[in-house]
Number of protein chains: 4
Amino acid sequence: MMAHSASHDGPGPGDAPPGSEPGPEATSSGDRSAPASAGDKRARILAAAEEVFARRGFYNARVSEIARAAGVADGTIYLYFKSKDDLLISLFETRMKDVIRELETAVPPDGAAPLRLSAFISAYLRLIRDRPQIAEVLTVELRQSSKFMKEYSNPRFGEFLKLLAGIISEGQSRGELDDEIPAPIAARAIFGVLDELALAWLLGGHNKFDIVRAADWVGAMTLRGLERRNS
Amino acid sequence: MMAHSASHDGPGPGDAPPGSEPGPEATSSGDRSAPASAGDKRARILAAAEEVFARRGFYNARVSEIARAAGVADGTIYLYFKSKDDLLISLFETRMKDVIRELETAVPPDGAAPLRLSAFISAYLRLIRDRPQIAEVLTVELRQSSKFMKEYSNPRFGEFLKLLAGIISEGQSRGELDDEIPAPIAARAIFGVLDELALAWLLGGHNKFDIVRAADWVGAMTLRGLERRNS
Amino acid sequence: MMAHSASHDGPGPGDAPPGSEPGPEATSSGDRSAPASAGDKRARILAAAEEVFARRGFYNARVSEIARAAGVADGTIYLYFKSKDDLLISLFETRMKDVIRELETAVPPDGAAPLRLSAFISAYLRLIRDRPQIAEVLTVELRQSSKFMKEYSNPRFGEFLKLLAGIISEGQSRGELDDEIPAPIAARAIFGVLDELALAWLLGGHNKFDIVRAADWVGAMTLRGLERRNS
Amino acid sequence: MMAHSASHDGPGPGDAPPGSEPGPEATSSGDRSAPASAGDKRARILAAAEEVFARRGFYNARVSEIARAAGVADGTIYLYFKSKDDLLISLFETRMKDVIRELETAVPPDGAAPLRLSAFISAYLRLIRDRPQIAEVLTVELRQSSKFMKEYSNPRFGEFLKLLAGIISEGQSRGELDDEIPAPIAARAIFGVLDELALAWLLGGHNKFDIVRAADWVGAMTLRGLERRNS
DNA sequence: TATGAATGAGCGTTCATTCAT
DNA sequence: GATGAATGAACGCTCATTCAT
């Protein structure tokens with residue numbers, strides 16, 4: 001069902017796209033449907049896929065819909081991606097990379113663990129707020145696809161967890177955090193909190209609550225939950 | 001796409017099933033294909049759907065596969081459920097009811113909030129361990145379906161959250177728990193932790209870690225995270 | 001490209017068609033488009049495929065066209081055949097069986113080899129005349145498909161050749177036929193003659209020449225070509 | 001489907017090719033991808049088409065595959081040929097011309113008919129052995145295309161048959177050959193023998209039997225089949 | 001009730017052909 | 001001329017759903 005030897009990052013048609021990759025498609029959500037300045041086709045398709053997957057879900061998304069949203073012909077998608085599945089996987093890869101990069105930037109490299117955790121949590125939820133479509137893809141589709149991707153195993157998500165677990169285990173070894181709970185479990189738990197909040201916020205139409213204030217609450221809660229007991 | 005006026009709980013053909021819900025269908029996959037004492041059809045179909053959805057995912061599950069697993073003809077499913085979507089929704093409803101019932105039983109009705117929370121967490125993760133297929137459905141498919149069910153809004157899941165939020169807000173008003181964080185947010189956060197652990201455990205093939213020990217860790221972490229600071 | 005584990009002869013839907021196989025579809029070309037007396041679905045599809053393949057060629061034939069010609073829905077074809085390829089292969093099998101049966105009947109089992117060869121040739125070309133669509137399939141599509149069927153190897157055609165080679169080698173060992181030429185080569189050569197004549201006749205619109213008179217000519221020519229020299 | 005007003009022999013871009021057909025392109029598959037002295041483009045494309053059609057069959061051959069094999073861009077093919085169909089037709093024309101030329105050379109212009117027929121048969125089968133790819137095209141694809149080319153009617157193949165029929169009817173009028181069988185039918189029959197042997201040899205991987213020895217057998221058989229009975 | 005053969009709309013994907021460069 | 005990225009019509013096949021029995 002799933003293409004396992006997908007291209008994922010191959011830059012384009014025949015691996016030789018007409019222009020150079022224009023760097024991270026950071027601005028990709030708001031795609032100017034205008035003259036299609038060319039070369040950014042792959043990025044435009046990814047942006048369109050993000051939008052359509054977010055709006056309709058992977059299985060209900062039509063490839064032709066993505067093509068229309070990207071302003072390209074149906075067939076063009078297959079110049080850049082092996083299949084619809086590959087498109088999803090590639091989207092994960094790209095967006096996860098962005099997220100990880102952003103988080104690495106936002107987290108002070110050598111502060112105290114509680115501070116760094118706080119920063120991580122705030123940055124993550126801010127990111128969700130600012131790029132809700134990324135959020136949809138990461139939150140809903142990632143999980144969906146975890147199922148049919150058991151083999152694929154999603155290295156990028158592993159990286160993400162490692163980043164978080166690294167902060168925690170470092171804090172533990174420095175005595176800043178309680179070390180009874182294994183760091184990977186704690187990381188997963190924290191991700192669960194963030195992911196669930198993101199989902200609730202997304203499904204609530206972005207206005208049931210302020211996701212950035214929520215960051216403070218769950219940041220505090222999490223820190224207390226992990227901090228060393230001074231006994 | 002989605003039937004919104006689904007039957008969900010209508011007990012079956014002619015709305016006159018010959019018995020009450022026969023309790024959790026246990027692990028009814030290995031169903032005697034012989035006489036099938038009749039009347040349990042609806043339950044058997046739900047059990048089969050649970051198994052198949054869990055194994056293949058909602059979208060990759062074939063109605064005919066569910067029919068085979070249930071030992072009925074394809075058409076029979078449509079005597080008990082309006083559509084494949086309705087089957088999924090009905091499955092949620094049933095299983096969520098079971099889960100809620102089980103949790104209500106497991107949580108002491110009038111203990112202290114921390115104790116009750118602990119019990120809740122342990123009971124939930126134990127349930128996951130004992131009925132992993134429920135877990136898959138709740139964990140993966142629930143989220144998947146959240147998408148196409150925006151209107152459906154899932155009352156049973158609301159109940160579940162309310163149960164959890166109730167424990168928390170009670171604890172807050174009794175001064176046992178910190179009351180800065182809104183109880184519904186806290187409930188959601190806790191559910192996130194549990195859900196993520198469940199997912200990790202399921203995808204890890206049930207043996208990457210001991211989910212019941214994890215209950216202790218995250219139970220402790222959560223309690224500390226929420227408990228009142230003795231100012 | 002080609003389904004190698006095709007059903008080929010499996011009688012129908014789920015290998016359990018509603019009625020019993022109505023024997024050889026001998027009458028199948030002229031299909032009454034009327035109420036579709038049921039049970040003969042598989043035969044009707046084969047007949048339709050024969051007609052459409054003959055008229056358009058395998059690659060230009062549309063599955064939907066065959067379905068229309070058979071008076072069934074597109075999907076129905078896939079209840080009886082794995083794929084379009086399988087449909088072609090199954091058609092070969094069926095028709096080849098018919099042809100072989102007919103030839104076995106027409107050739108006197110214990111006459112002299114020249115007599116039997118004559119009978120074979122006449123019977124074959126008469127068959128072509130009477131069922132030109134079989135002829136098209138055997139003549140044009142068989143060869144076409146020989147290419148993508150290298151592995152499939154077409155056992156039924158092998159049988160056909162063996163029947164012919166058997167007559168020849170028997171004649172050779174009885175001293176009725178010249179035994180310098182290996183019987184399998186001679187069989188192939190004779191088949192080539194018949195096949196080419198069939199093709200010419202088919203492409204000529206059935207009226208460029210009388211294919212049954214041609215049988216006499218090539219029969220005589222072939223016999224002389226093979227008969228023992230009385231030296 | 002088929003371009004009937006195809007170019008077929010138009011020498012190439014701008015109808016001003018820098019040289020006459022450079023003779024048989026030999027085994028030009030291994031083409032130097034470097035400067036490609038230009039002008040032989042058309043021939044190189046034909047050679048590539050021959051190779052690819054032979055290997056994959058007309059319908060399974062991809063234009064892009066032919067382009068790659070010819071060392072040109074996909075679009076370039078359309079500078080020399082109107083369509084994929086035209087490419088096939090043009091290929092026939094070219095190769096058939098070669099074959100006819102070669103046979104005319106090999107057959108002594110004024111020997112006795114039996115001798116000339118022998119020479120024809122030997123030369124044809126030798127040609128098959130030496131240029132199997134021509135053989136594939138003539139043998140498999142010619143027939144395939146007979147179907148979609150009913151109108152095209154293939155003048156070059158007519159010439160081929162006429163060459164053969166001419167030898168026969170001359171022999172008949174000179175009393176060297178039996179004149180009961182019409183010469184065109186006899187010609188077709190002989191072609192059938194040759195074609196079938198060629199096919200068997202090709203599909204047998206070129207080593208099931210020695211096609212040149214077979215020429216002796218079927219040559220003898222054919223001659224006897226046609227020679228005058230000394231009343 | 002129950003069946004399961006039949007349906008047919010719908011979709012992912014391919015590939016001959018075009019055309020801006 | 002030559003290129004090859006882009007196009008988009010076309011098609012095989014799937015599968016939720018129906019309905020005659």
Side-chain angles (χ1 to χ4, degrees), chain A residues 12-14 16-19 36 38-39 41 59-67 71-85 87, chain B residues 1 12-14 16 36 38-39 41 59-68 72-85 87, chain C residues 12-14 16-19 36 38-39 41 59-67 71-85 87, chain D residues 1 12-14 16 36 38-39 41 59-68 72-85 87:
Chain A
K41 282 263 165 72
Y59 285 103
N60 291 315
R62 302 294 139 230
V63 170
S64 60
E65 207 175 350
I66 295 171
V72 300
D74 293 19
T76 303
I77 289 187
Y78 292 87
L79 294 177
Y80 294 87
F81 303 94
K82 274 194 155 73
S83 64
K84 192 187 177 192
D85 284 357
L87 182 48
Chain B
M1 241 333 81
K41 283 262 167 74
Y59 284 104
N60 291 316
R62 303 293 144 232
V63 171
S64 59
E65 206 175 350
I66 296 172
R68 191 170 350 101
V72 301
D74 294 18
T76 304
I77 288 185
Y78 291 85
L79 296 175
Y80 294 87
F81 303 93
K82 284 171 95 111
S83 65
K84 191 187 176 192
D85 284 358
L87 181 49
Chain C
K41 282 262 165 72
Y59 285 103
N60 291 314
R62 301 295 139 230
V63 171
S64 60
E65 208 175 349
I66 296 172
V72 301
D74 293 21
T76 304
I77 289 187
Y78 292 88
L79 294 176
Y80 293 87
F81 303 94
K82 274 191 153 72
S83 64
K84 192 188 175 190
D85 284 357
L87 182 48
Chain D
M1 257 308 106
K41 282 260 168 75
Y59 285 103
N60 291 316
R62 302 294 144 232
V63 170
S64 60
E65 207 176 348
I66 295 172
R68 192 171 347 101
V72 301
D74 294 19
T76 303
I77 288 185
Y78 291 85
L79 297 174
Y80 294 87
F81 303 94
K82 286 172 96 109
S83 65
K84 190 187 177 191
D85 284 358
L87 182 50

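The model shown is predicted, which means the values in this text are computed figures rather than measured ones.
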* Atom CD1 of D:Ile66 to atom C1' of E:dA16: distance rounded to whole Å? -> 11 Å

* Taking CD1 from D:Ile77 and P from E:dC19, how many angstroms apart are they, rounded to a whole number? -> 18 Å

* side chain to side chain contact (heavy atoms under 4.5 Å, CB included) involving B:Val72 - partner list, sequence neighbours excluded -> B:Lys41, B:Arg44, B:Ile45, B:Ala67, B:Ala70, B:Thr76, B:Ile77

* Take atom CG of C:Leu79 and atom P of F:dT14, then tell me their distance rounded to the nearest Å. => 11 Å

Between N or O atoms, less than 3.5 Å apart, protein on one side and nucleotides 12-14 of chain E on the other: list the pairs.
| residue | atom | partner | partner atom | Å |
| --- | --- | --- | --- | --- |
| E:dG12 | OP1 | A:Ala61 | O | 3.4 |
| E:dG12 | OP1 | A:Arg62 | NH1 | 3.0 |
| E:dG12 | OP1 | A:Lys84 | NZ | 3.2 |
| E:dG12 | OP2 | A:Val63 | N | 3.1 |
| E:dT13 | OP2 | A:Tyr78 | OH | 2.6 |
| E:dT13 | OP2 | A:Lys84 | N | 3.0 |

* Report yes if the side chains of A:Asn60 and B:Tyr59 come closer than 4.5 Å at any heavy-atom pair, otherwise no. => yes

* Asked: Rounded to whole angstrom units, what separation is found between the CZ atom of B:Phe81 and the P atom of F:dA16?
  -> 15 Å

* Residue pair C:Val63, C:Tyr78: steps toward the side-chain contact (heavy atoms from CB on, under 4.5 Å) verdict -> CA-CA 10 Å; C:Val63 171; C:Tyr78 292 88; 3.7 Å; yes

* Structure fact -> To the nearest angstrom, the CG-P distance between C:Asn60 and E:dA16 comes to 13 Å

* Between C:Thr76 and D:Thr76, which is nearer to the 5' end of DNA chain F once each is assigned its nearest nucleotide? -> D:Thr76

* Asked: Has A:Lys41 got a side-chain N or O lying under 4.0 Å from the OP1 or OP2 atom of F:dA6?
  -> yes

* To do: Check the distance between E:dA2's P and B:Arg68's CZ and give it to me in whole angstrom.
  => 20 Å

* Asked: Dot-bracket, DNA chain E: Watson-Crick or G-U, under 3.5 angstrom, [ ] crossing, | other strand?
  -> .||||||||||||||||||||

* To the nearest 0.5 Å, what is the distance between CZ (D:Arg68) and CG (D:Asp74)? -> 8.5 Å

* Asked: Where each residue is assigned the nucleotide of DNA chain E containing its nearest heavy atom, which of B:Ala73 and C:Val72 is assigned the position nearer the 5′ end?
  -> B:Ala73

